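Presented below is the structure to which this report refers.
For the single chain, residues carry numbers from 1 onward in sequence order. The structure displayed is predicted, hence computed values, not measured ones.
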Amino acid sequence: MTTIGNNLQAVRERIATACAGAQRPVTEVTLLAVSKTFGPEAVREAHAAGQRAFGENYIQEAVEKIALLADLPLQWHCIGPVQSNKTRLVAQHFDWVHTVDRLKVAQRLSEQRPDDKPPLNVCIQVNIDGGASKSGVAPEEALDLAREVAALPRLRLRGLMTIPEPAATYDAQVAVHAQAAALFHDLRDAGLQLDTLSMGMTADLEAAIAAGSTMVRVGTAIFGGRPRHAA
Ligand SMILES: *Cc1c(COP(=O)(O)O)cnc(C)c1O
């Protein structure tokens with residue numbers, strides 16, 4: 001097996017162990033392989049090792065990669081910030097967007113989603129730990145935005161996404177992920193049909209799964225370390 005294949009296997013084992021520890025079925029957690037900064041050959045290797053869902057942060061880089069890999073049955077998730085002038089590319093090329101945090105961006109994505117594609121799956125990004133300069137809607141505004149997004153015709157609201165600050169201990173990681181899980185359940189109790197809680201990365205996927213994550217976004221543990229990226 002290739003390095004990427006071995007790494008994927010190791011990440012799947014981490015997910016399985018975390019699910020067992022949390023007494024959750026492993027089928028509840030989807031692995032999103034974050035391929036930002038890595039080329040199409042790395043994605044091909046991961047696909048050959050059974051991976052189907054890939055996450056990208058930089059729209060232009062992703063659009064080029066998606067075109068080069070059009071022969072494979074892959075699912076593409078936008079997990080980077082979406083400026084208004086990039087919504088058309090995102091609506092045309094991606095299957096999911098995890099980073100909706102403004103109604104205006106959601107409206108544009110809905111208007112620009114091509115008619116021959118299924119509705120675009122979206123998550124609302126929540127700034128769960130209140131970082132001043134961070135993307136994401138404040139937790140107390142998530143319900144209102146979710147209701148408005150759920151009403152847009154060409155979007156399918158799937159859930160919430162968070163990127164908390166790195167926490168020093170496992171318990172601290174679980175605590176912040178548990179806040180996101182509580183908000184997710186509040187929104188469901190309010191009547192929104194959500195099935196996706198996108199949280200957990202290489203460093204904290206175990207804590208995220210313990211708190212209820214249904215989708216972990218893992219880059220480094222699969223593809224290796226990234227050079228610093230300017231975009
Ligand atoms: C880069 C990135 C990841 C993957 O992070 P790793 O620590 O490499 O696993 C996950 N989510 C988002 C939003 C990212 O930007």
| message | For a side-chain contact (heavy atoms from CB on, under 4.5 Å) check, start with the C-alpha distance between Phe223 and Asn7, then their side-chain angles and the critical distance, and finish with the verdict. | response | CA-CA 8 Å; Phe223 296 107; Asn7 289 348; over 6 Å; no
| message | Set out, in order, the CA-CA distance, both residues' side-chain angles and the distance that settles side-chain contact (heavy atoms from CB on, under 4.5 Å) for Trp96 and Cys78, then state yes or no. | response | CA-CA 6 Å; Trp96 284 67; Cys78 176; over 6 Å; no
| query | Run the side-chain contact (heavy atoms from CB on, under 4.5 Å) check on Glu56 and Glu61 step by step: do they pass? | reply | CA-CA 8 Å; Glu56 291 281 340; Glu61 173 195 330; 3.4 Å; yes
| field | side-chain contact (heavy atoms from CB on, under 4.5 Å) between Leu183 and Val126, worked out | value | CA-CA 10 Å; Leu183 181 62; Val126 180; 3.8 Å; yes
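Atom CG of Leu109 sits about 6.0 Å away from atom CG of Leu120, to the nearest 0.5 Å. We find the OG1-CG distance between Thr3 and Leu8 to be 11.0 Å, quoted to the nearest 0.5 Å. To the nearest 0.5 angstrom, Arg156 atom CZ is 12.5 Å from Asp95 atom CG.
The side-chain contact (heavy atoms from CB on, under 4.5 Å) search around Thr220 returns Thr202, Arg226, not counting sequence neighbours. Contacts of Gln83 classified as side-chain contact (heavy atoms from CB on, under 4.5 Å), with partners at least two apart in sequence or in another chain: Pro81, Asn85. Looking at residues two or more places apart in sequence or on another chain, you find a side-chain contact (heavy atoms from CB on, under 4.5 Å) between Thr214 and Arg24, Thr196, Leu197. Under the salt bridge (Lys or Arg N to Asp or Glu O under 4.0 Å) criterion, Arg113 pairs with no residue, sequence neighbours left out. Scored by the side-chain contact (heavy atoms from CB on, under 4.5 Å) test, Pro40 finds Lys65, Leu68, Leu69 as partners (sequence neighbours excluded). With sequence neighbours left out, Lys117 forms a salt bridge (Lys or Arg N to Asp or Glu O under 4.0 Å) with no residue at all. Applying the salt bridge (Lys or Arg N to Asp or Glu O under 4.0 Å) rule to Asp189 yields no partners; only residues at least two apart in sequence or on another chain are considered. In terms of the salt bridge (Lys or Arg N to Asp or Glu O under 4.0 Å) criterion, residue partners of Arg14 (sequence neighbours excluded) are, by chain and number, Glu206.
At least one donor-acceptor pair closer than 3.5 Å links the side chain of Gln51 to the backbone N or O of Leu31. Looking at Arg188, its side chain does come within 3.5 Å of a backbone N or O of Leu194 through a donor-acceptor pair.
Contact check for Gln92 versus Gln112: no side-chain heavy atoms found under the 4.5 Å cut-off. Taking the side chain as every heavy atom from C-beta outward, Ile15 and Ile209 approach each other to under 4.5 Å. Within the 4.5 Å cutoff, the side chain of Thr99 has no heavy atoms near those of the Ser135 side chain. Using a 4.5 Å cut-off on side-chain heavy atoms (C-beta onward), Val218 and Val34 make no contact.
With 3.5 Å as the limit, one finds a donor-acceptor pair spanning the side chains of Glu45 and Thr2. Between the side chains of Ser198 and Arg217, at least one donor N or O sits under 3.5 Å from an acceptor N or O.
Sorted by first and then second residue, the salt bridge (charged side-chain N to carboxylate O under 4.0 Å, His left out) pairs involving residues 81-91 (not counting sequence neighbours) form an empty list. Residue pairs that meet the side-chain hydrogen bond (donor to acceptor under 3.5 Å, both in side chains) test with at least one member in residues 158-169, sequence neighbours left out, are Asn121-Arg158, Arg158-Asp195. Residues in residues 72-82 take part in these side-chain hydrogen bond (donor to acceptor under 3.5 Å, both in side chains) pairs, two or more places apart or across chains: Gln75-His77, His77-His98. The stretch residues 170-187 participates, sequence neighbours left out, in these side-chain hydrogen bond (donor to acceptor under 3.5 Å, both in side chains) pairs: His177-Asp204.
The only member of Leu145, Val137, Ile163, Val97 that meets side chain to side chain contact (heavy atoms under 4.5 Å, CB included) when paired with Gln125 is Ile163.
Linking ILVMFWY side-chain heavy atoms closer than 4.5 Å, directly or via other members, places Ile128 and Leu143 in a single hydrophobic cluster.
No more than 12 heavy atoms of other residues, nucleotides or ligands sit less than 6.0 Å from atom CD of Gln193.
Pairing each heavy atom of Leu152 with each of Ser110, the nearest pair is CB-OG, 3.8 Å. Closest approach of Phe54 to His47, counting heavy atoms only: CZ-N, 4.1 Å. Closest heavy-atom contact between Ala106 and Leu155: O-CD1, 3.4 Å.
At a threshold of 4.0 Å, the pair Arg44-Asp71 counts as salt-bridged, since one of the basic side-chain nitrogens sits closer than that to a carboxylate oxygen.
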